[in-house]
Amino acid sequence: MILVTGAAGKTGRYVIQELVEKGARIRAFVHHRAYIERVEEIGAIEVVHGDLCDRRTVDQAVEGIRAVYHIPPNVHPDEVAIGQTMISASQSAEIEHFVYHSVVHPHIEAMPHHWQKMRVEEQLFSCGLAFTILQPAAYMQNILAQWDTLIGDGCYRVPYPLETRLSLVDLKDVAEAARLVLTEDGHIGATYELIGTKPMSQVEVAQALSDGLGREVTVEKTPIEVWEQGARDAGLGTYAIETLTQMFHYYEHHDFVGSPQILNWLLGRPPTTLAEAIERKRARRENDN
Ligand SMILES: NC(=O)c1ccc[n+]([C@@H]2O[C@H](COP(=O)([O-])OP(=O)(O)OC[C@H]3O[C@@H](n4cnc5c(N)ncnc54)[C@H](OP(=O)(O)O)[C@@H]3O)[C@@H](O)[C@H]2O)c1
């Protein structure tokens with residue numbers, strides 16, 4: 001049995017689907033009771049719900065588990081403490097393998113959610129557990145989340161300059177990498193960057209969207225104050241807004257780049273391109289209609 005945390009979130013659902021499709025048995029850790037059905041629908045056979053900050057619930061979640069796939073909450077101020085709790089509970093439960101869902105370049109102090117992941121990685125090195133660390137780039141699904149607007153007004157919006165270059169990865173490839181390290185031998189002690197594309201400017205992203213949708217998609221920089229207001233309206237807390245603003249600032253000044261070589265090797269095939277991810281999304285939407 002494999003425990004997946006952050007199970008009802010964007011990453012968790014891709015990871016569970018991939019593992020279940022290949023026959024793994026999954027216990028899902030969900031935050032709110034309302035999302036239990038969501039993970040059961042995709043094949044989790046057991047569900048624990050509660051707060052990852054609560055040691056007692058985490059102890060229950062790791063009981064009898066072979067491996068943990070720990071997906072930390074997105075921009076959570078207590079990410080390090082949550083990592084500590086997960087590691088300590090996993091030690092007590094004597095699990096065989098702890099896989100940590102980190103991020104590319106956790107060493108960047110200017111991005112607090114990266115720096116927090118670096119501190120959790122550091123604990124893994126000395127805790128005595130058999131571990132693997134996966135470091136994904138920015139997801140293509142962050143872009144595809146704008147699908148309805150892209151179809152509606154044909155404009156792709158980003159809160160950083162259009163020339164900003166980011167390397168991207170398809171969450172489906174991330175999930176496949178997660179399944180491989182959890183089910184194959186040879187990945188204990190490894191740290192793998194999961195990067196699917198060469199760095200792409202936002203103009204290149206918009207071009208890929210135009211090609212995939214068969215219509216012109218323009219690209220526009222959203223002023224940061226407008227983005228912040230939208231985030232507040234959507235219910236994002238102060239820590240999350242400040243952290244994401246720092247991330248956009250970092251992107252603006254330094255880009256966020258890497259190489260797809262490691263993911264190519266791990267998957268045994270070239271990673272999914274942005275064009276392929278757009279086409280998959282387009283085909284799925286057509287089938288839904
Ligand atoms: N987005 C990217 O491009 C990217 C790239 C690399 C790495 N990552 C990392 O991947 C991780 C997951 O990101 P995501 O986009 O999948 O986030 P997400 O969709 O927000 O999922 C995170 C999940 O964690 C749950 N959660 C939040 N607080 C919790 C708590 N205290 N106890 C238990 N569960 C809690 C959330 O549940 P509720 O919603 O019910 O609170 C949610 O289901 C993040 O750490 C992020 O930094 C993301």
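Just so you know, ligand 1 is whichever comes first in the structure, and atom 1 is the first atom listed for that ligand. A quick note: this is a predicted structure, and the numbers were derived from the prediction, not measured. FYI, side chains are in, hydrogens and waters are out, and symmetry mates aren't considered; it's all heavy atoms of this structure.
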Could you check [atom] against the protein and tell me its nearest heavy-atom contact, residue, atom and distance included?
| atom | result |
| --- | --- |
| atom 5 (C) of ligand 1 | Ala137 O, 3.2 Å |
| atom 21 (O) of ligand 1 | Gly9 CA, 3.3 Å |
| atom 37 (O) of ligand 1 | His31 CB, 3.4 Å |
| atom 27 (C) of ligand 1 | Pro73 CB, 3.4 Å |
| atom 23 (C) of ligand 1 | Gly6 CA, 3.7 Å |

Heavy-atom distances under 4.0 Å decide this one: backbone, side chain, both or neither, for [X] against ligand 1?
| X | answer |
| --- | --- |
| Val104 | neither |
| Gln141 | neither |
| Ala7 | neither |
| Asp51 | both |

Please could you name the atoms of ligand 1 that [X] approaches to less than 4.0 Å, counting only its heavy atoms?
| X | answer |
| --- | --- |
| Ala8 | 43 (O) |
| His76 | 28 (N), 31 (N) |
| Ala138 | 3 (O) |
| Val103 | 6 (C), 7 (C) |
| Pro72 | 11 (C), 12 (C), 44 (C), 45 (O) |
| Ser102 | 7 (C) |
| His32 | 38 (P), 40 (O), 41 (O) |
| Asn142 | 1 (N), 2 (C), 3 (O) |

Can you check whether Gly258's main-chain N or O pairs, donor with acceptor, with Ser167's side chain at less than 3.5 Å?
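Between the backbone of Gly258 and the side chain of Ser167 there is a qualifying donor-acceptor contact (under 3.5 Å).
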
Inspect the surroundings of [atom1] in [X] and state if more than 12 heavy atoms from other residues, nucleotides or ligands are less than 6.0 Å away.
| X | atom1 | answer |
| --- | --- | --- |
| Gln261 | CD | no |
| Glu37 | CD | no |
| Glu279 | CD | yes |
| Arg25 | CZ | no |
| Lys22 | NZ | yes |

Looking at Tyr192 versus His187, is the centre-to-centre ring distance below 6.0 Å?
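Distance test on ring centres: under 6.0 Å, yes.
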
Do the two ring centres, one from Phe98 and one from Phe131, sit under 6.0 Å apart?
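Not under 6.0 Å, so no.
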
Looking only at distances, please establish whether an N/O atom of ligand 1 is found under 3.5 Å from an N/O atom of [X].
| X | result |
| --- | --- |
| Pro136 | no |
| Glu79 | no |
| Lys10 | yes |

Selection from [options] by shortest heavy-atom distance to [atom]:
| atom | options | result |
| --- | --- | --- |
| atom 16 (O) of ligand 1 | Thr11, Leu52, Val15 | Thr11 |
| atom 2 (C) of ligand 1 | Phe29, Tyr139, Tyr14, Tyr35 | Tyr139 |
| atom 12 (C) of ligand 1 | Ile71, Val39, Val75, Asn74 | Ile71 |

Please indicate, with yes or no, if any protein heavy atom is found under 4.0 Å from atom 39 (O) of ligand 1?
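No; the ligand atom in question lacks any protein heavy-atom contact below 4.0 Å.
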
Could you report the tightest heavy-atom contact between Glu121 and Pro106, atom names first, then the distance?
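Heavy atoms only, the tightest pair is OE2-CG, 3.5 Å.
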
Considering all heavy atoms of both residues, which atom of Ile2 and which atom of Ala24 are nearest to each other, and what is their separation?
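Where Ile2 meets Ala24 most closely, the heavy atoms are CD1-CB, 4.2 Å.
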
Mutual orientation of the aromatic rings belonging to His105 and Phe256 [parallel < 30°, tilted 30-60°, perpendicular > 60°]:
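Plane angle over 60°, so perpendicular.
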
Can you label the angle between the Trp227 ring and the Phe248 ring as parallel, tilted or perpendicular, going by 30° and 60°?
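Perpendicular.
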
As an exercise, state the distance from CE of Met247 to CD of Glu242, rounded to the nearest 0.5 Å.
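That separation rounds to 14.5 Å.
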
If hydrophobic clusters are built from ILVMFWY residues whose side chains come within less than 4.5 Å, do Leu266 and Val169 share one?
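Hydrophobic grouping puts Leu266 with Val169.
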
Could a heavy atom of Lys117 be found less than 4.0 Å from some atom of ligand 1?
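Right, Lys117 reaches ligand 1.
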
Any atom of ligand 1 sitting under 4.0 Å from a heavy atom of Gly50?
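In this structure, Gly50 qualifies as a contact of ligand 1 - some heavy atom is under 4.0 Å.
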
Quick one, Tyr156 with Gln146, criterion side chain to side chain donor-acceptor pair (under 3.5 Å). Give me CA distance, side-chain angles, the key distance, then yes/no.
CA-CA 7 Å; Tyr156 169 58; Gln146 289 191 32; 5.3 Å; no

